Trainee: 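Pasting in a structure now, in structure tokens, and then I'll have a few things to ask.
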Amino acid sequence: MDSAVVTHLLCEQGLRPDLHYIKIGMQGEGYSCSSEEDIELCTATARRYGLSLTVTDLEREYWQQVVAYTVDRIRQGLTPNPDVMCNKLIKFGVFEERVGKHYDYIATGHYATRLEDEDGFVWLGTAKDPVKDQTDFLAQLSYPQLSHCLFPLGQLLKEDVRRIALDAHLPSATRKDSQGICFLGKINYNDFIRKLLGEREGLVIDIETGKAVGKHKGYWFHTIGQRKGLGLGGGPWFVVKKDVKRNIVFVANGWDTRLQYGHDFRLQDLHFLTHNPWGEPPQGEPIQFKVRHVDHFMPGLITLDQEGYHIHSDTPIQGIAPGQFGCVYDPEARVCYGSGEISIYKE
């Protein structure tokens with residue numbers, strides 16, 4: 001629906017975009033992907049505006065790059081973000097190399113904005129709709145990838161986009177928003193992981209008492225900060241640590257348990273979208289940040305020391321999960337500087 005509205009807005013400006021559908025959904029036994037329905041809706045949209053539609057199948061590249069990355073990180077006990085890598089490696093990577101390079105710009109349905117400074121540099125700006133903002137999913141793009149992009153929905157609220165789709169009678173106007181990891185379609189995440197990694201029973205241990213409070217079917221099914229799906233009574237329980245070698249999941253009890261919060265973390269290989277905005281190494285520079293895809297930003301301070309970038313926040317941070325991407329913004333949360341993989345900060 002978002003991409004269809006982008007098409008409508010571009011055509012209203014008198015442009016004649018070529019439409020491209022990137023097919024990455026997994027097919028075959030046990031997988032239920034919406035690509036067939038997607039292509040039908042894209043075809044109807046293209047026909048509506050008299051535009052060309054090309055389907056590019058990148059399923060093999062997706063398995064080789066994004067799924068392989070995801071499984072490797074999960075095996076290490078980390079919390080990967082396949083959507084970030086899909087954008088970097090597939091939607092703006094392989095597709096760009098094959099197709100996008102032949103165009104002046106690629107317009108997408110992502111909720112973000114394109115900003116240009118007085119020197120002509122392009123920056124990734126946050127969306128008007130904080131709930132739908134997707135800058136964290138785009139923060140690993142290279143500068144050539146970013147400078148090639150247009151984000152027509154960035155100044156619109158989701159409800160406005162839906163209204164435009166309904167008023168224009170677009171074929172996908174009533175389509176529900178997609179949820180979950182981009183390659184899974186309608187597949188349950190745990191079912192997908194089970195197919196690849198199987199099951200191995202282990203203990204769930206209360207980290208404060210050291211007592212076993214339950215069992216799990218493999219640490220790879222659980223992420224730091226997780227509350228639902230643990231099957232434990234007397235909750236709430238939160239996953240606060242994992243022991244990969246011993247296949248143990250550690251949990252803490254209570255809404256206010258300090259063990260599910262932290263104030264510090266590091267970013268491995270902080271990637272800047274445009275360039276380093278500080279010039280000199282930051283020593284407690286104010287920023288806003290995210291540690292996962294959420295609808296709000298958090299205030300913090302960023303410092304560069306001998307071990308890399310360190311972020312501190314006086315506000316407790318819930319569920320700092322190594323492997324996820326920490327996304328860094330300017331103090332007003334208007335510009336996304338980039339992101340890096342999270343690692344736990346140790347004194």
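Note that this is a predicted model, so its numbers are computed, not measured.
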Trainee: Nearest 0.5 Å, what's the CZ-OG1 distance between R75 and T70?
Mentor: 11.5 Å
Trainee: Would you call E201-K215 a salt bridge at under 4.0 Å N-O?
Mentor: yes
Trainee: Find the distance between CD1 (I317) and OH (Y261) and round it off to the nearest 0.5 Å.
Mentor: 11.5 Å
Trainee: Side chains of H312 and D314 only: does a donor on one sit below 3.5 Å from an acceptor on the other?
Mentor: yes
Trainee: For R194 and E199, what are the C-alpha separation, side-chain angles and deciding distance, and is it a salt bridge (charged side-chain N to carboxylate O under 4.0 Å, His left out)?
Mentor: CA-CA 6 Å; R194 188 176 292 107; E199 294 183 352; 2.6 Å; yes
Trainee: Go through the steps for D305 and R266 under the test salt bridge (charged side-chain N to carboxylate O under 4.0 Å, His left out), then give the verdict.
Mentor: CA-CA 10 Å; D305 57 31; R266 289 195 178 276; 3.0 Å; yes
Trainee: Would you find a donor on one side and an acceptor on the other, under 3.5 Å apart, between the side chain of H271 and the backbone of L141?
Mentor: yes
Trainee: So do the side chains of F151 and L138 get within less than 4.5 Å of each other, counting heavy atoms only?
Mentor: yes
Trainee: Report yes or no: does R334 contribute a side-chain atom to a donor-acceptor pair with the main-chain N or O of T126 at less than 3.5 Å?
Mentor: no
Trainee: What pair of heavy atoms forms the shortest contact from L270 to G340, and how long is it?
Mentor: CD1-N, 3.9 Å
Trainee: Any side-chain heavy-atom pair from V66 and Y62 closer than 4.5 angstrom?
Mentor: yes
Trainee: When rounded to the nearest 0.5 angstrom, what is the spacing between CD1 in I224 and CD1 in I320?
Mentor: 10.5 Å
Trainee: Within the 3.5 Å criterion, strictly below it, is a donor on D264 or H310 matched to an acceptor on the partner's side chain?
Mentor: yes
Trainee: Side-chain contact test, heavy atoms from C-beta onward, threshold under 4.5 Å: evaluate it for V204 versus L230 and give yes or no.
Mentor: no
Trainee: Any link between F238 and V294 through a network of hydrophobic side chains (Ile, Leu, Val, Met, Phe, Trp, Tyr) touching at under 4.5 Å?
Mentor: no
Trainee: Looking at R163 and D167, does any basic side-chain N land under 4.0 Å from a carboxylate oxygen?
Mentor: yes
Trainee: Looking only at heavy atoms, which two atoms of K128 and P130 are closest? And how far apart?
Mentor: O-CD, 3.1 Å
Trainee: Do the side chains of R73 and E341 get close enough for a salt bridge, i.e. N-O under 4.0 angstrom?
Mentor: yes
Trainee: Going hydrophobic residue to hydrophobic residue with side-chain gaps under 4.5 angstrom, can you get from V244 over to L196?
Mentor: yes
Trainee: List the steps, then state whether side chain to side chain contact (heavy atoms under 4.5 Å, CB included) holds for W237 with Q226.
Mentor: CA-CA 8 Å; W237 295 90; Q226 175 185 343; over 6 Å; no
Trainee: Against L19, only a single residue in L51, V6, T43, V55 fulfils side-chain contact (heavy atoms from CB on, under 4.5 Å); can you say which?
Mentor: L51
Trainee: Is it the case that the side chain of N253 and the backbone of G234 share a donor-acceptor pair, with hydrogens and angles ignored and the cut-off at 3.5 Å?
Mentor: yes
Trainee: By the definition ring-ring contact (aromatic ring centres under 6.0 Å, His included), identify the one residue from Y309, Y329, W278 that meets it with Y337.
Mentor: W278
Trainee: Are the side chain of W220 and the backbone N or O of G198 linked by a donor-acceptor pair below 3.5 Å?
Mentor: yes
Trainee: Between F325 and I342, is a side chain to side chain contact (heavy atoms under 4.5 Å, CB included) present by the stated rule, with each step listed?
Mentor: CA-CA 6 Å; F325 284 94; I342 292 173; over 6 Å; no
Trainee: Please walk me through it: do V291 and Q324 pass side chain to side chain contact (heavy atoms under 4.5 Å, CB included)?
Mentor: CA-CA 7 Å; V291 295; Q324 273 281 13; over 6 Å; no
Trainee: Hey, could you give me the CZ/CG distance between F297 and D330, rounded to the nearest 0.5 Å?
Mentor: 9.0 Å
Trainee: Looking at D83 and K91, does any basic side-chain N land under 4.0 Å from a carboxylate oxygen?
Mentor: no
Trainee: Taking E208's backbone N and O only, do any of them form a donor-acceptor pair with D206's side chain (distance below 3.5 Å, no angle check)?
Mentor: yes
Trainee: Less than 6.0 Å separating the ring centroids of H110 and F92?
Mentor: yes
Trainee: Work out which heavy atom in F272 is nearest to a heavy atom in P277; give both atom names and the distance.
Mentor: CE2-CD, 3.7 Å
Trainee: If you count heavy atoms of other groups shown closer than 6.0 angstrom to CZ of F121, is the number above 12?
Mentor: no
Trainee: Decide yes or no for V328 and I311: does some side-chain heavy atom of the first lie under 4.5 Å from some side-chain heavy atom of the second?
Mentor: yes
Trainee: Can you check side chain to side chain contact (heavy atoms under 4.5 Å, CB included) on L9 and L156, steps first, answer last?
Mentor: CA-CA 12 Å; L9 294 175; L156 298 171; 4.1 Å; yes
Trainee: Please answer whether the main-chain N or O of P299 pairs with a side-chain N or O of S313 as donor and acceptor at a distance below 3.5 Å.
Mentor: yes
Trainee: Looking only at atom types and distance, does a side-chain atom of R48 sit under 3.5 Å from a main-chain N or O of H169, one as donor and one as acceptor?
Mentor: yes
Trainee: Would you check if the side chain of T113 reaches a backbone N or O of A127 as a donor-acceptor pair within less than 3.5 Å?
Mentor: no
Trainee: If we only count heavy atoms from C-beta on, is the V335 to L124 side-chain gap below 4.5 Å?
Mentor: no
Trainee: Distance-only, no hydrogens or angles: does the K88 side chain make a donor-acceptor pair with backbone N or O of V84 under 3.5 Å?
Mentor: no
Trainee: Check whether Q145 reaches the backbone of S142 with its side chain - one donor and one acceptor, N or O, closer than 3.5 Å.
Mentor: yes
Trainee: Closest heavy-atom contact between S172 and R162?
Mentor: O-NH1, 4.3 Å
Trainee: For the residue pair F221 and H216, is the inter-centroid distance of their aromatic rings smaller than 6.0 Å?
Mentor: no
Trainee: Looking at every non-hydrogen atom in both residues, tell me the closest pair between A321 and T79 and how far apart they are.
Mentor: CB-OG1, 3.7 Å
Trainee: Check whether NZ of the Lys or CZ of the Arg K158 lies under 6.0 Å from the centre of the six-membered ring of Y111 and within 45 degrees of that ring's axis.
Mentor: no
Trainee: One pair to check against salt bridge (charged side-chain N to carboxylate O under 4.0 Å, His left out): K132 and D129. What are the steps and the verdict?
Mentor: CA-CA 6 Å; K132 300 302 294 184; D129 191 330; over 6 Å; no
Trainee: Please determine whether a side-chain nitrogen of the Lys or Arg among E61 and R98 lies less than 4.0 Å from a carboxylate oxygen of the Asp or Glu.
Mentor: yes
Trainee: Charged N to carboxylate O below 4.0 Å: is that the case for K23 and E59?
Mentor: no
Trainee: Side chains of Y49 and H8: donor-acceptor distance under 3.5 Å anywhere?
Mentor: yes
Trainee: Relative to each other, are the rings of H20 and F95 parallel, tilted or perpendicular (30° and 60° limits)?
Mentor: perpendicular
Trainee: Distance check, rounded to the nearest 0.5 Å: L153 atom CG versus T108 atom OG1?
Mentor: 7.5 Å
Trainee: Identify each donor-acceptor pair in which a side-chain atom of residues 282-289 lies under 3.5 Å from a protein atom, sequence neighbours left out, and give them as a table.
Mentor:
residue: Q283; atom: NE2; partner: L304; partner atom: O; Å: 2.9
residue: Q288; atom: NE2; partner: P331; partner atom: O; Å: 3.4

Trainee: Do the side chains of V71 and I74 get nearer than 4.5 Å, heavy atoms only?
Mentor: no
Trainee: Which other residues end up in the same hydrophobic cluster as L150, if Ile, Leu, Val, Met, Phe, Trp and Tyr are linked when side-chain heavy atoms come under 4.5 Å apart?
Mentor: Y105
Trainee: With side chains defined as the heavy atoms from C-beta onward, is the minimum distance between D243 and F250 less than 4.5 Å?
Mentor: yes
Trainee: Looking only at side chains, do S52 and D18 share a donor and an acceptor under 3.5 Å apart?
Mentor: yes
Trainee: Between L232 and V251, is any pair of side-chain heavy atoms under 4.5 Å apart?
Mentor: yes
